[in-house]
Amino acid sequence: QVQLVESGGGLAQAGGSLRLSCTASGLSFSSHNMGWFRQAPGKEREFVASMHWTGVNTNYADSVKGRFTISGDNAKNTVYLQMNSLKPEDTAVYSCTADGLAFGSYPYNFRYWGQGIQVLVSS
């Protein structure tokens with residue numbers, strides 16, 4: 001049974017930083033493409049960042065490029081989303097997701113999802 005659990009969310013001021021963590025059971029991050037999505041109030045879920053299972057290739061939404069960084073620690077079976085220079089518009093529920101296939105290639109097939117955690121950025 002695959003479970004993804006996010007942590008590290010909370011409250012930050014504009015210009016501040018937060019680091020989200022996603023730990024997994026029943027799945028190895030070293031063999032699965034991983035990603036982060038978010039959904040703000042009144043908006044559809046949107047892509048934030050993704051990382052190939054090798055860790056070599058990463059992709060970011062234009063809205064977060066240069067501010068957010070996705071990375072992983074295979075030994076800890078954990079994926080991170082480092083969020084810097086936060087803006088109020090970053091306020092959303094953030095979800096970790098994993099590809100349904102091991103050693104997958106683009107297009108990624110995100111199947112497994114975490115419960116989601118709230119991030120609130122104040123002005």
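- Under a 3.5 Å cut-off, the side chain of N109 and the backbone N or O of G100 do not form any donor-acceptor pair.
- A pairwise comparison of heavy atoms in D99 and H32 identifies O-CD2, 3.0 Å as the closest pair.
- One hydrophobic cluster holds both F29 and M51 under the rule that ILVMFWY side chains link at heavy-atom gaps under 4.5 Å.
- Judged by distance alone, the side chain of N33 and the main-chain N or O of W53 form a donor-acceptor pair under 3.5 Å.
- Of the inter-residue distances, the one linking S95 atom OG with Q39 atom CD reads 8.0 Å to the nearest 0.5 angstrom.
- Aromatic ring orientation, F68 versus Y94: tilted (interplanar angle from 30° to 60°).
- Heavy-atom contacts from other residues, nucleotides or ligands closer than 6.0 Å to CD of E89 number more than 12.
- Every residue was checked against the side-chain hydrogen bond (donor to acceptor under 3.5 Å, both in side chains) condition with Q3, not counting sequence neighbours, and none meets it.
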Q: Begin with the C-alpha distance, continue with both residues' side-chain angles, and end with the deciding distance and a verdict on side chain to side chain contact (heavy atoms under 4.5 Å, CB included) for M83 and V119.
A: CA-CA 10 Å; M83 304 184 294; V119 171; 4.0 Å; yes
Q) Given R45 and R38, is the side chain to side chain contact (heavy atoms under 4.5 Å, CB included) satisfied, shown in steps? A) CA-CA 6 Å; R45 190 195 305 267; R38 68 185 182 185; over 6 Å; no
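- One hydrophobic cluster, built from ILVMFWY side chains closer than 4.5 Å, cannot hold both L27 and F110; they sit in different ones.
- Interatomic distance, L4 CG to M34 CE, rounded to the nearest 0.5 Å: 5.5 Å.
- In this structure, the side-chain contact (heavy atoms from CB on, under 4.5 Å) partners of D73, at least two apart in sequence or on a different chain, are A75, K76, Y80.
- Here CG of L81 is found 9.5 Å from OG of S21. Values are rounded to the nearest 0.5 Å.
- Listed by chain and number, the residues in a ring pair (Phe, Tyr, Trp, His ring centres under 6.0 Å) with W36 amount to none (sequence neighbours excluded).
- Around the CD atom of Q118, the shell of radius 6.0 Å holds no more than 12 heavy atoms that belong to other residues, nucleotides or ligands.
- The CZ atom of F47 sits 10.0 Å away from atom CG of D62, with the distance rounded to the nearest 0.5 Å.
- Using a 30° and 60° split on the angle between ring planes, Y108 and H52 fall in the tilted class, from 30° to 60°.
- Residues Y106 and F37 fall within the same hydrophobic cluster, defined by Ile, Leu, Val, Met, Phe, Trp and Tyr side chains chained together at heavy-atom separations under 4.5 Å.
- A donor-acceptor distance shorter than 3.5 angstrom exists from the side chain of Y60 to the backbone of I70, with no hydrogens or angles considered.
- Residues meeting the side-chain hydrogen bond (donor to acceptor under 3.5 Å, both in side chains) test with S122, sequence neighbours left out: none.
- Heavy-atom neighbours of Q115 CD from other residues, nucleotides or ligands within 6.0 Å: at or below the threshold of 12.
- For I117, the side-chain contact (heavy atoms from CB on, under 4.5 Å) criterion is met by E6, L20, not counting sequence neighbours.
- In this structure, OG1 on T91 lies 4.5 Å from CG on L120, to the nearest 0.5 angstrom.
- Residues forming a side-chain hydrogen bond (donor to acceptor under 3.5 Å, both in side chains) with R67 (at least two apart in sequence, or on another chain): D90.
- Residue P88 comes nearest to S123 through the heavy atom pair CG-OG, 3.6 Å, listed as atom of the first residue, atom of the second, then distance.
- The shortest side-chain heavy-atom distance between Q82 and S17 falls under the 4.5 Å cut-off.
- V79 is connected to L18 through a chain of hydrophobic side-chain contacts under 4.5 Å among Ile, Leu, Val, Met, Phe, Trp and Tyr, so both are in one cluster.
- The closest side-chain heavy-atom distance from C96 to Y112 is not below 4.5 Å.
- The shortest non-hydrogen separation linking A24 to N77 is O-ND2, 3.1 Å.
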